[in-house]
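Before any comments, here is the structure.
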Amino acid sequence: MKIVILDGYTANIGEETWKELERLGTLTVYDRTPADKTVERSCDAEVILTNKVRIHQAEMEQLPRLKYIGVLATGYNVVDVEEACRRGIVVTNIPAYSTDSVAQMVFAHLLTVTNRVEHYAWQNSRGAWTESPDFCYWDTPLTELAGKVMGIVGLGNIGQKVTAIAQAFGMQVMAVTSKQPHLLPQGVRKVPMEELLKTSDVVSLHCPLTADTCRLINRQTLAMMKPTAILINTGRGPLIDEEAVAQALQDNRLQAFCADVLAEEPPREDHPLLRCPHAYITPHIAWATKEARTRLVNIAIANVKAFLQGRPQNQIPPAFQEATK
């Protein structure tokens, strides 16, 4: 059996990362694969693992031996799942492997805005504190989270973990979610989107990217938010209208924007948010702790083994696959 990993570099955790897959077939690992090399490198493969390399109808048509696509992530928009189902190709993902790490990044971003630790550490390494006439100094606003309102859009695994941490900080939590009120974590209030935007001090996005949520945050919805609000996006870049967010920051209609994702990755050099005041952008690393990457690799290998044993796990999406049989 031929197994191909098209973009294994970012998931790498050491020399032995994919060793177990070598026992299951002939394994080829590419660090990165440009779109025009996808078919060539996947030729004759029965199993493909991909993180960001797209496998759509055009690719599947040229890969007649393909039986399995393992997405090395939770989101699976890089694969045309409907086409895969039509062709009898099993598609799996890696659910919930990065829940703790992404939730941690949400608060790393939030605390960056409220406490500015990196700002003071940088200044003090250059002598600012030694030159202070007082025992302490501050030149940025410092904000306590207790009592503030956090609005969470989407209460999946990550949204619920963020809820628990927010409540530990003493924050009030409201959510936009498809879950029924009696299924929400204790203390969380289900509200319409408009109410969440108008009343939240912090808005954190954890919903999937769909036709309905694309550019969910735009000029109109930004206008509903408090000018003192902090917007956080660790979900998917296209959940926000980036030009509109940049303008809101420029006009002081939003206190801060924190993101670990952008619509285009890597972004172009003149991206409006990269040098925008009060925009805090990290390079899609919330998932990338060593602990989370280790879980990802272990689950990816277990997914392949389960498929080869005739009992696929983490198949995408089970209800859709069943409906198309």
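In this text the structure is predicted, and so the values were computed from the model without any measurement.
- Heavy-atom contacts from other residues, nucleotides or ligands closer than 6.0 Å to CD of Glu144 number 12 or fewer.
- One side chain, Thr33 or Arg41, offers a donor N or O that lies under 3.5 Å from an acceptor on the other.
- Looking only at atom types and distance, the side chain of Tyr68 has a donor-acceptor partner in the side chain of Thr92 under 3.5 Å away.
- Considering every non-hydrogen atom in both His109 and Cys258, the closest pair reads ND1-CB, 3.4 Å.
- One finds no salt bridge joining Arg87 and Glu82 here, because no Lys/Arg side-chain nitrogen approaches an Asp/Glu carboxylate oxygen to under 4.0 Å.
- Taken together through direct or relayed side-chain contacts under 4.5 Å among Ile, Leu, Val, Met, Phe, Trp and Tyr, Val203 and Met171 form parts of separate hydrophobic clusters.
- Between Asp260 and Thr234, the side chains place no donor N or O within less than 3.5 Å of an acceptor N or O (distance only, hydrogens not considered).
- Atom-to-atom distance recorded for Cys214:SG and Leu239:CG is 8.0 Å, nearest 0.5 angstrom.
- Side-chain contact check for Asn303 and Asn314: at least one donor-acceptor pair (N or O, by modelled atom type) lies under 3.5 Å.
- The nearest pair of heavy atoms linking Gln315 to Pro312 is OE1-CB, 3.7 Å.
- The side-chain heavy atoms of Leu21 and Leu49, taken from C-beta on, include a pair separated by under 4.5 Å.
- Taken together through direct or relayed side-chain contacts under 4.5 Å among Ile, Leu, Val, Met, Phe, Trp and Tyr, Met225 and Leu145 form parts of separate hydrophobic clusters.
- Looking at heavy atoms from C-beta onward, Leu262 lies in side-chain contact with His271 at the 4.5 angstrom threshold.
- Under 3.5 Å, the side chains of His278 and Gln255 contain no donor-acceptor pair of N or O atoms.
- Counting heavy atoms from C-beta outward, Glu46 and Ile3 have side chains that stay 4.5 Å or more apart.
- Distance CD/Gln220 to CG/Asp241: 9.0 Å, rounded to 0.5 Å.
- Proximity of Ile5 to Leu27: side-chain heavy atoms (C-beta onward) are separated by under 4.5 Å at one or more points.
- Side-chain contact check for Gln123 and Asp139: at least one donor-acceptor pair (N or O, by modelled atom type) lies under 3.5 Å.
- Remark: Glu118 engages Arg116 in a salt bridge, criterion side-chain N to carboxylate O under 4.0 Å.
- Ring geometry for Phe169 against Phe107 counts as parallel: the plane angle stays under 30°, on a 0 to 90° scale with 60° as the upper cut.
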Practice task
Could you give me the CA-CA distance, side-chain angles and deciding distance for Tyr97 and Thr294, then say whether side-chain hydrogen bond (donor to acceptor under 3.5 Å, both in side chains) is met?
Solution key: CA-CA 9 Å; Tyr97 76 95; Thr294 299; over 6 Å; no
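- Distance CD/Gln247 to CD/Glu242: 14.5 Å, rounded to 0.5 Å.
- With hydrogens and angles ignored, the 3.5 Å screen pairs a side-chain donor or acceptor of Asp7 with a backbone N or O of Asn51.
- Side-chain contact between Val173 and Gln167 is present, with at least one heavy-atom pair separated by less than 4.5 Å.
- Phe257 and Ile232 sit in two unconnected hydrophobic clusters of ILVMFWY residues. Membership requires side-chain heavy atoms under 4.5 Å apart, directly or through other members.
- Note that Arg32 lies in the cation-pi zone of Tyr9, set by a 6.0 Å cut-off to the ring centre and a 45° limit from the axis.
- By the 4.0 Å N-to-carboxylate-O rule, Lys19 lies close enough to Glu22 to be salt-bridged with it.
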Practice task
Assess whether side-chain hydrogen bond (donor to acceptor under 3.5 Å, both in side chains) is satisfied between Asn124 and Tyr137, documenting all intermediate values.
Solution key: CA-CA 11 Å; Asn124 291 340; Tyr137 77 93; 2.8 Å; yes
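- For the residue pair Thr114/Thr143, the side-chain donor-acceptor check at 3.5 Å is not satisfied.
- The shortest side-chain heavy-atom distance between Arg215 and Ile240 does not fall under the 4.5 Å cut-off.
- Within 6.0 Å of atom CD in Gln186, 12 or fewer heavy atoms from other residues, nucleotides or ligands are found, so the atom counts as exposed in its surroundings.
- Remark: the His284 side chain and the Thr282 side chain contain no N/O donor-acceptor pair separated by less than 3.5 Å.
- Taking a 6.0 Å sphere around CD of Gln313, one finds it holds more than 12 heavy atoms contributed by other residues, nucleotides or ligands.
- A salt bridge links Lys305 with Glu20; the closest basic N to acidic carboxylate O contact falls under 4.0 Å.
- A donor-acceptor pair under 3.5 Å links the side-chain atoms of Lys2 to the main chain of Cys43, judged by distance alone.
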